[in-house]
Each structure stands twice: as structure tokens, then as C-alpha cells.
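Each chain gets a letter, A, B and so on, in the order its sequence line appears, and its residues count up from 1. We use all heavy atoms of the structure for the numbers below, so side chains are in, but hydrogens, waters and symmetry mates are not. Remember, predicted model here, so these are calculated numbers, not experimental data.
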Protein chains: 4
Amino acid sequence: MEYNQKQLQIISVAERLFAAKGFSATSIRDISQEADINVSMVSYYFGSKDKLIEALFEVRAREFGARLDELLRDLGLSPMQRVNLMVDGMINRIFEKQCFHNVVLREQLSPDRRTPIISELLTELKLKNLRAMESIIHEGQKLGIFRSEVDVPMLSTTLYGTVNQLLSTKSYYCTVYGIQDLSEEEQEAHMIAKLKSHFKKIFQEMIKPELNDSITS
Amino acid sequence: MEYNQKQLQIISVAERLFAAKGFSATSIRDISQEADINVSMVSYYFGSKDKLIEALFEVRAREFGARLDELLRDLGLSPMQRVNLMVDGMINRIFEKQCFHNVVLREQLSPDRRTPIISELLTELKLKNLRAMESIIHEGQKLGIFRSEVDVPMLSTTLYGTVNQLLSTKSYYCTVYGIQDLSEEEQEAHMIAKLKSHFKKIFQEMIKPELNDSITS
Amino acid sequence: MEYNQKQLQIISVAERLFAAKGFSATSIRDISQEADINVSMVSYYFGSKDKLIEALFEVRAREFGARLDELLRDLGLSPMQRVNLMVDGMINRIFEKQCFHNVVLREQLSPDRRTPIISELLTELKLKNLRAMESIIHEGQKLGIFRSEVDVPMLSTTLYGTVNQLLSTKSYYCTVYGIQDLSEEEQEAHMIAKLKSHFKKIFQEMIKPELNDSITS
Amino acid sequence: MEYNQKQLQIISVAERLFAAKGFSATSIRDISQEADINVSMVSYYFGSKDKLIEALFEVRAREFGARLDELLRDLGLSPMQRVNLMVDGMINRIFEKQCFHNVVLREQLSPDRRTPIISELLTELKLKNLRAMESIIHEGQKLGIFRSEVDVPMLSTTLYGTVNQLLSTKSYYCTVYGIQDLSEEEQEAHMIAKLKSHFKKIFQEMIKPELNDSITS
DNA sequence: AATGAATGAGGTTTCATTCAT
DNA sequence: AATGAATGAAACCTCATTCAT
């Protein structure tokens with residue numbers, strides 16, 4: 001499915017509103033008002049409100065898929081460098097597309113309520129992501145740099161879950177770290193830096209060879 | 001605010017439906033039908049739909065607060081035992097009250113949209129939780145068993161975020177670990193066990209004294 | 001299903017408008033305006049527009065059914081008298097309930113388009129009607145007053161079809177018989193009288209013993 | 001008015017859909033989809049949806065008019081033969097153009113609702129038909145073969161009404177005569193045969209000289 | 001001559017809430 | 001204290017039509 005400029009604009013507005021208020025709480029009127037189009041255009045272009053959110057996921061899923069493919073091309077780096085790059089990349093990606101991520105979180109909470117298509121797209125994307133992560137880890141394991149037992153799915157889930165949680169509780173985070181008075185950008189920079197260092201540490205600790213490991217090998 | 005039996009029943013039904021479909025997608029008619037009451041009862045008992053969800057958070061927040069107080073009373077155990085107990089307790093708690101947690105996640109995604117009360121209650125709860133965790137960690141630090149630099153808020157966020165992420169993507173999890181054909185209960189048991197061992201490992205790695213740490217001190 | 005006063009009033013207004021404009025061309029707004037009720041009342045009372053027309057058929061079918069039962073009780077009359085009475089009764093009935101009959105005709109033209117319920121009710125009613133007519137004819141046949149071969153379904157269809165056709169082309173009828181300038185009531189009286197005498201003649205001719213018939217018997 | 005090939009095709013599709021669903025329930029989108037043309041073509045070619053149905057009636061009325069003229073040319077036959085031919089012809093004609101007849105019936109039910117043009121065309125057609133029938137009957141009367149008092153308009157109405165009624169209640173007819181399991185074609189053949197024999201009988205009985213009639217003459 | 005994008009009015013239905021009892 | 005009938009606003013969507021090309 002190809003979408004024209006106007007459709008992409010509507011999708012973009014819808015994404016923002018769905019992120020802010022949720023799908024059900026966002027009316028087609030809201031969208032059409034913000035996008036400065038006629039109310040009937042959403043149905044005209046997408047068929048229905050449900051189809052609109054499907055289109056949103058379709059478009060974004062394709063974009064993310066493309067970015068993932070790039071990630072796997074970064075060869076010539078050490079496995080640990082690649083792990084760090086991957087962690088940084090995932091965190092950056094989520095922060096860059098906060099709106100869409102918010103919508104994803106919402107849709108995950110009521111799986112298959114509207115349409116199985118969204119669930120399928122998301123599962124596919126998550127699996128693709130997992131495979132990418134696994135291939136990097138396996139490389140390190142083959143070289144004996146990483147421990148043999150690494151629970152990649154759990155690590156991946158931990159990373160995603162934490163970033164999401166942080167984004168969902170931004171103001172709580174700022175309170176805890178006393179940065180309420182910084183600008184939005186500075187707050188985000190703080191979160192990103194914190195997340196990156198936190199997860200590099202976690203990953204390092206969780207994949208570096210265990211003592212037993214190194215002895216037996 | 002005290003709520004009578006009927007009000008609590010309504011709250012309970014609402015919680016389940018809000019968890020399943022979201023606040024906006026759940027109509028008062030849905031609730032009154034499931035709770036076998038008259039449509040006007042929600043407005044009658046709570047004033048409005050918005051007030052109903054506020055009441056839900058009020059009631060549950062009080063319950064959770066009470067449980068947290070208990071946690072801090074488990075003295076006579078080693079700090080590491082208490083950490084493990086705390087991790088287990090948090091995971092258990094979330095799984096026991098999945099519905100409410102689902103609703104919390106949804107509301108966190110649109111902060112202050114409906115009412116600041118919910119955000120305040122949640123922030124308060126999270127802070128209380130954080131203080132409990134910090135007190136346990138600090139105890140271990142005073143005894144020199146834990147490293148001096150532990151980012152408790154990030155650890156807490158990591159734990160919560162991961163559990164939430166796992167619960168939100170249950171079917172993906174089951175696919176990845178090949179347990180789609182197990183019963184619901186067995187799947188949950190699998191998740192709980194996995195989470196507990198995963199986080200005990202993470203916490204251990206992140207709070208145990210670093211080599212430098214122990215040397216310099 | 002029992003319908004209250006307000007529902008019956010809505011049904012009555014709907015019947016009139018459906019007769020005049022057809023189901024699809026009649027909006028719920030039209031109905032609510034004429035019935036002086038809120039637009040949402042139709043959905044409130046009947047569930048939907050489709051259910052409304054179902055209710056209309058349900059109510060009227062019950063009424064007609066009751067009237068048919070009465071017809072069969074007119075004993076103590078000669079078969080030919082009963083035939084004449086039946087013809088008169090059917091013609092009167094249709095003219096009295098022209099609106100409903102108009103709606104019936106419309107629905108017959110698109111069978112099962114909306115719901116099978118209407119078709120079923122109508123078929124049931126028509127069969128009931130046919131059985132009544134047959135019982136009267138059979139009585140005359142047993143007494144040797146009527147010919148042995150009478151195609152009752154065709155006679156019944158002929159009667160109904162003709163009355164319907166006449167009602168549908170009222171103005172053409174008036175033109176042909178030159179009674180355009182009479183009042184509505186006089187025109188109808190003319191039609192009724194004409195129909196009654198026409199069909200008494202037809203029925204007589206079609207059920208009286210044939211020459212062969214009487215000889216052989 | 002002359003219509004080109006494309007217009008005639010649109011008219012034909014519209015006729016079929018109007019017959020199946022009714023004018024109001026048929027959208028221009030339905031038509032354009034079935035006819036494989038652009039939605040705007042209807043407005044473009046006919047001006048509006050209303051004008052489209054007018055065109056339909058115009059075209060078909062002209063066709064029927066032409067066929068009627070032929071009927072009157074069948075000379076050299078006995079009056080009774082010509083009556084029988086006429087009855088057969090009318091029944092055949094309706095069955096051949098069921099779709100259009102269905103639309104006619106629908107429009108008759110809401111006279112002058114949309115435009116007087118349709119009513120006028122239909123009245124004209126019916127009158128033309130009546131004159132043809134009358135001329136045949138009068139011929140028989142002049143020859144003393146038919147009774148002097150024949151109510152031609154009523155006979156004509158009876159014929160049309162019955163055929164229409166039968167077509168409108170096809171499935172009921174099949175139930176009554178136990179031919180539900182025959183093919184569509186066989187069912188129609190059954191109906192046509194039945195109608196023809198039925199009406200030849202009726203016409204014969206209603207126009208043959210009465211006893212008084214023949215005696216006095 | 002013909003198209004397809006776009007429109008605004010109006011369709012039905014659902015919603016949270018209120019009112020009279 | 002509790003009900004259920006009733007309401008008006010607003011939801012999503014479809015409609016016939018127009019406009020720029």
C-alpha cells in the first residue's frame with residue numbers, strides 16, 4: 001500500500017493525537033481539525049477510523065523494519081562495540097519516535113481488540129528485532145567473548161520495557177532526579193544518557209563471561 | 001472516602017473492563033450490564049465516569065500502600081535476602097493485580113488528561129515504593145555488602161518496566177519461548193519464574209561490590 | 001413482545017412514512033419529527049431502524065391474524081354467502097389498512113433484504129389466509145355447490161393482486177372512470193364497490209359447477 | 001432524448017439494482033461499481049440520480065410502446081384468438097422484463113414523490129395498453145361473440161395486478177405449489193403456464209355472452 | 001469528453017447524564 | 001435510596017454532487 005502526501009499528513013496527525021489521548025478518545029473530528037481537512041476525508045482516504053490506525057502501523061512498521069536492516073550491516077566492529085551500538089540505537093530510535101511508541105504501548109494493552117493486523121505487524125517487528133540482537137550476541141559467543149548462556153529475549157524485553165516505563169513516567173523521573181526545572185530537551189537528554197549508561201552496564205554484566213564459564217572454556 | 005459494597009463491585013467491574021478495552025472504549029452501559037445494575041447508578045454513586053476511575057485509583061492506591069508498609073517490616077533478614085524478597089514481592093503483586101496494573105499503564109500514557117488526582121496518587125505510590133527499596137539498599141551499603149553507587153530509581157524502573165512489558169506482550173513471549181500450548185496458568189508461572197530469576201541476577205550484578213569498590217574502601 | 005403507547009405511536013408514524021416514501025427514503029429524523037420525539041428515541045425503543053420495521057410487521061401481523069380467526073367463525077351461512085363475505089372482508093381490510101399494505105408491497109419487492117423475519121411473518125399470514133379461503137371452498141365442494149376443481153391460491157392471488165394494483169394506481173383508475181373530481185372518500189367508495197362486484201362475479205364464475213361437472217355428479 | 005451506449009449500460013445496471021434494492025437504497029456508488037465506471041459519471045451523463053431513473057423510464061416506456069403497436073396489427077384472427085394472444089403477450093412481456101416491472105411497482109407506490117414525469121409516462125403507457133385491449137374487445141362485441149357489458153379496465157387491472165403479485169411473492173407461490181426444489185427456470189415456466197391458463201379461463205368467463213345476453217340478442 | 005479528488009450535508013447510532021418518581 | 005425513562009450532543013460513516021483538470 002502506498003500513501004500519498006495528504007494521507008501521510010493525516011497519519012502523522014492521527015499518530016500524535018492517538019499518542020496523546022488514545023485511539024477511542026480521539027475523534028475523527030479532532031484529527032480533521034488538526035490536519036485542517038474535512039471530516040469525511042478520513043473515511044474517504046482510509047475507509048474508516050480502524051483502517052486509519054492500521055495504516056499508521058503499516059507505514060511505521062515498514063520504516064522500522066528498514067532501520068533494523070541497516071543495523072545488521074555495521075560489520076568490522078567488535079561484538080561488544082556492536083552491542084553498545086545496538087543499545088544506543090534502540091534507545092535513540094524510541095526517543096525519536098515517542099509518539100508512535102506511545103501508540104504501540106496503548107495497542108499492546110488491548111491485543112486484537114480492533115484488528116489482528118496490528119498485533120501481527122508488531123509481533124513481526126519484535127521478532128525481527130530479536131533476531132538482530134541474537135545474531136550479534138551469537139557472534140560474541142562464538143568468539144568466546146560472551147558467556148554461553150544469555151537470555152536474549154529477556155534482555156531485549158528489559159531494555160524496551162524500561163525505556164517505555166521511563167517515557168510513561170517522565171514527570172516522576174524528573175522529580176526523582178530533581179530536574180523538573182530543566183527544559184524539555186535537557187530532560188530528555190538526561191534520560192537518554194542515563195538509560196544508555198544504565199543499559200550498557202546491565203548488558204555488560206549479563207553477557208560477560210562468568211567465572212565458571214571462562215574456566216571451563 | 002468510604003465505598004459501600006455496591007460501589008466496590010462497580011469499581012471491580014470497571015477495573016476489569018478498563019483493563020480490557022481502555023477507559024474511553026468502555027461505556028457506562030458496558031459496566032452497568034456486567035455489574036447487573038442500572039445505567040444511572042454510576043452517575044448516582046460516583047458522580048460521573050471520570051470520578052469512577054478516580055475512585056478506582058483511590059481504592060487500589062490505598063491497598064497497595066498498605067502492602068508496602070508490610071514489606072518494610074521484614075527485619076531479621078540479610079540485606080540480600082530482603083532484596084530478593086522485595087523483587088519477588090513486586091513481581092507477585094503485579095501479577096496478582098494485572099487488571100489494575102493494566103489500567104495504570106493506560107493512564108500513565110495520557111498523564112493529567114482527565115484529572116491530576118490520578119497522577120498524584122500514582123506518583124505518591126511510586127515514591128513510597130522507591131523509598132522502601134532505597135531503605136533496603138542503604139542498609140546493605142552501610143554494612144558494606146552492596147556497592148556504594150547504586151541507581152535505585154533506575155533499578156526500580158527497570159523492574160517495573162520489564163514486568164509491564166512482559167505482561168503487555170504475553171503472546172509474543174509465549175511464542176519466543178515456545179509455550180503457546182501451555183495453559184494460561186502454566187504460562188504465567190513460566191513468566192513469573194523467568195522474571196524472578198532474571199531480576200535476582202540483575203540486582204545481584206548491579207548491587208554487589210565492584211572490584212574497585214571493595215579495594216578502595 | 002409488548003409495546004407501550006409511545007412505541008405504538010412511533011410505529012404508527014413510521015408506518016405512514018414508510019408507506020409514503022419507502023423504508024430507505026424515510027429517515028429516523030423524519031419519523032422523530034412527525035412523532036414529536038427525540039431522534040434517539042427510535043434506537044432507544046427499538047434498537048435500530050431495522051428493528052423498528054420488524055416491530056411494525058410484528059404488531060400488524062398479530063392484528064391481521066386475529067381478524068382472520070374471526071372470519072372462520074361465521075357459520076350458519078351458505079358457502080356462497082361465506083365466499084361473498086370473505087371477498088368483502090378482504091377488500092375492506094386492505095382499504096382500511098392501506099398504509100400497512102403499501103409497506104407490505106414494498107417489502108415484498110425486496111425479499112429478505114433486511115431481515116428474514118418480515119418474510120416469514122408475511123408468508124405465515126398469507127398461508128393462514130389461504131387456509132381460511134380453502135376451508136370455505138372445500139365446504140361448498142363437499143355440498144356439491146362448487147365445482148370440484150378450484151385453484152384457490154390463484155384466486156386468492158388474483159384478488160390480492162388486483163386490490164393492490166388498484167390502490168397503487170389510484171389516480172389512473174380515477175382518470176379511466178372519470179371520477180377525478182370526486183372527493184377522496186367518494187373515490188375510494190367507488191373503488192371498493194367496483195372491486196366487490198367485480199370479484200363476486202369472478203369468484204362466482206370460477207367456482208360454480210361447470211356443465212360437465214354437474215352432469216357427471 | 002437519445003442515449004449513447006455507455007448511458008444505456010448505466011441505465012441497465014441501475015435498473016437491476018433499483019429492482020433489487022429500491023431507488024433510495026441504491027447508491028450511485030453501487031451503480032458505478034457494478035457498471036465499472038467512475039462515480040461522477042452518473043451526474044455527468046444524467047445530471048442527477050433522479051434524472052437517471054427518469055431516463056430509465058423514458059427508455060423503457062418507448063420500448064413498451066413500440067411493442068404495443070405491434071400487438072394491434074395481428075389481424076385476420078378471431079376476437080377470442082386475439083384476446084388469448086393478448087393475454088399471453090402481456091404475461092410474457094412482464095416476465096421478460098421483470099426488473100423493470102419491479103421498478104415500476106416500486107415507483108407506483110410513491111406517486112409523484114420524485115417527479116411527475118414518471119407518473120405521466122406510466123399513465124400514458126397504461127392508457128395505451130387499455131385502448132388496445134378495448135379495441136379487441138369491442139370488435140368481439142360488434143360481432144356479438146362477447147357480452148355487451150365488459151369492464152375492460154378492471155380486467156386489465158386484474159391481469160396486471162395478479163402477475164405482479166405473483167412475481168412479488170414468488171417463494172410463497174413455490175411453497176404453495178410444492179415446487180421449491182425446481183430450478184429458477186422451471187419455476188418461472190410453471191408460473192407462466194399457470195397464469196396463462198388461469199387468465200384465459202377468467203377472460204373467457206367474463207366476456208362470453210351471458211345467458212340473458214344471448215337470449216335477448 | 002471524462003475523471004477522480006474533495007466536499008458538506010445528513011444518515012444512524014451510542015454516549016454520559018439528568019429528571020421525575 | 002434507587003430507578004428507568006428520556007435527552008441532546010456527538011460519534012462514525014455514507015451520500016450525491018461539484019470542481020479542477
Side-chain angles (χ1 to χ4, degrees), chain A residues 4-7 10 23-33 35-53 114, chain B residues 4 6-7 10 14 23-33 36-53, chain C residues 4-7 10 23-33 35-53, chain D residues 4 6-7 10 14 23-33 36-53 114:
Chain A
N4 63 37
Q5 206 53 40
K6 206 129 199 172
Q7 285 175 302
I10 295 172
F23 178 82
S24 298
T26 303
S27 76
I28 288 189
R29 274 189 161 78
D30 292 339
I31 297 169
S32 64
Q33 209 154 0
D36 202 39
I37 52 164
N38 191 279
V39 254
S40 58
M41 293 310 286
V42 168
S43 296
Y44 174 66
Y45 274 130
F46 298 94
S48 70
K49 199 185 165 191
D50 280 343
K51 294 274 183 58
L52 168 59
I53 197 173
R114 255 179 291 287
Chain B
N4 65 37
K6 206 137 201 168
Q7 286 174 299
I10 295 172
F23 177 82
S24 297
T26 302
S27 75
I28 287 190
R29 274 189 156 72
D30 292 338
I31 297 169
S32 64
Q33 203 159 356
D36 202 38
I37 52 163
N38 191 275
V39 262
S40 58
M41 295 309 285
V42 168
S43 294
Y44 177 65
Y45 274 131
F46 299 95
S48 73
K49 199 185 167 191
D50 281 343
K51 295 272 182 59
L52 167 61
I53 197 173
Chain C
N4 63 37
Q5 207 52 40
K6 206 127 198 174
Q7 285 175 300
I10 295 172
F23 177 82
S24 297
T26 302
S27 75
I28 287 190
R29 275 191 163 79
D30 292 337
I31 297 169
S32 64
Q33 209 154 0
D36 201 38
I37 51 165
N38 191 280
V39 254
S40 58
M41 294 309 288
V42 168
S43 296
Y44 175 66
Y45 274 131
F46 299 95
S48 71
K49 199 185 166 191
D50 280 343
K51 294 273 183 60
L52 168 60
I53 196 173
Chain D
N4 65 36
K6 205 137 201 169
Q7 286 174 299
I10 295 172
F23 177 82
S24 297
T26 302
S27 76
I28 288 189
R29 275 189 155 73
D30 291 338
I31 297 168
S32 64
Q33 203 159 353
D36 202 38
I37 53 163
N38 191 276
V39 263
S40 58
M41 295 308 285
V42 169
S43 295
Y44 177 67
Y45 273 132
F46 299 94
S48 72
K49 198 184 166 192
D50 281 343
K51 294 274 182 57
L52 167 60
I53 197 173
R114 255 180 291 286

*CG of Asp36(B) versus P of dA2(F): gap in Å, rounded?*
15 Å

*Between Phe46(A) and Ile10(A), is a side-chain contact (heavy atoms from CB on, under 4.5 Å) present by the stated rule, with each step listed?*
CA-CA 10 Å; Phe46(A) 298 94; Ile10(A) 295 172; 3.8 Å; yes

*Provide the closest heavy-atom pair for Arg29(B) versus Val39(B) in the form atom of the first, atom of the second, distance.*
CG-CG1, 3.5 Å

*List the protein contact pattern of nucleotides 14-21 of chain E with one symbol per nucleotide (5' to 3'): B for base contact, S for sugar-phosphate-only contact, - for none; contact means a heavy-atom distance under 4.0 Å.*
BSBBB---

*asked:* Rounding to an integer number of Å, can you tell me how far Gln7(A) CD sits from dA5(E) C1'?
replied: 11 Å

*Round to a whole Å and report the spacing from CG of Asn4(D) to C1' of dA1(E).*
11 Å

*Could you check how far CD1 of Ile10(C) sits from C1' of dT7(F), rounded to whole Å?*
13 Å

*Residues Ser48(B) and Asp50(B): side-chain donor-acceptor under 3.5 angstrom*: no

_Base-pairing mate for dA20(E) - Watson-Crick or G-U, with both contacts under 3.5 Å_ = dT3(F)

_Regarding Tyr45(D), tell me which of base, sugar-phosphate or nothing describes its non-hydrogen contacts under 4.0 Å with the strands shown._
sugar-phosphate

*Is the count of non-hydrogen atoms from other residues, nucleotides or ligands lying under 6.0 Å from Asp36(A) atom CG greater than 12?*
no

_Just the rounded figure in Å: distance from P of dA2(F) to CZ of Phe46(B)._
12 Å

*Would you please test Leu52(B) and Ile31(B) for side-chain contact (heavy atoms from CB on, under 4.5 Å) and show each step?*
CA-CA 11 Å; Leu52(B) 167 61; Ile31(B) 297 169; 3.9 Å; yes

*In whole angstroms, how far is the P atom of dA1(F) from the CD1 atom of Ile37(B)?*
17 Å

*Grab the CG-C1' distance between Leu52(D) and dC15(F) for me, whole Å please.*
15 Å

*Spacing between Met41(B) atom CE and dG4(F) atom P, to the nearest angstrom*: 10 Å

_Minimum-distance pair of heavy atoms, taken over all atoms of Ala25(B) and Asp30(B)_ = O-OD2, 3.9 Å

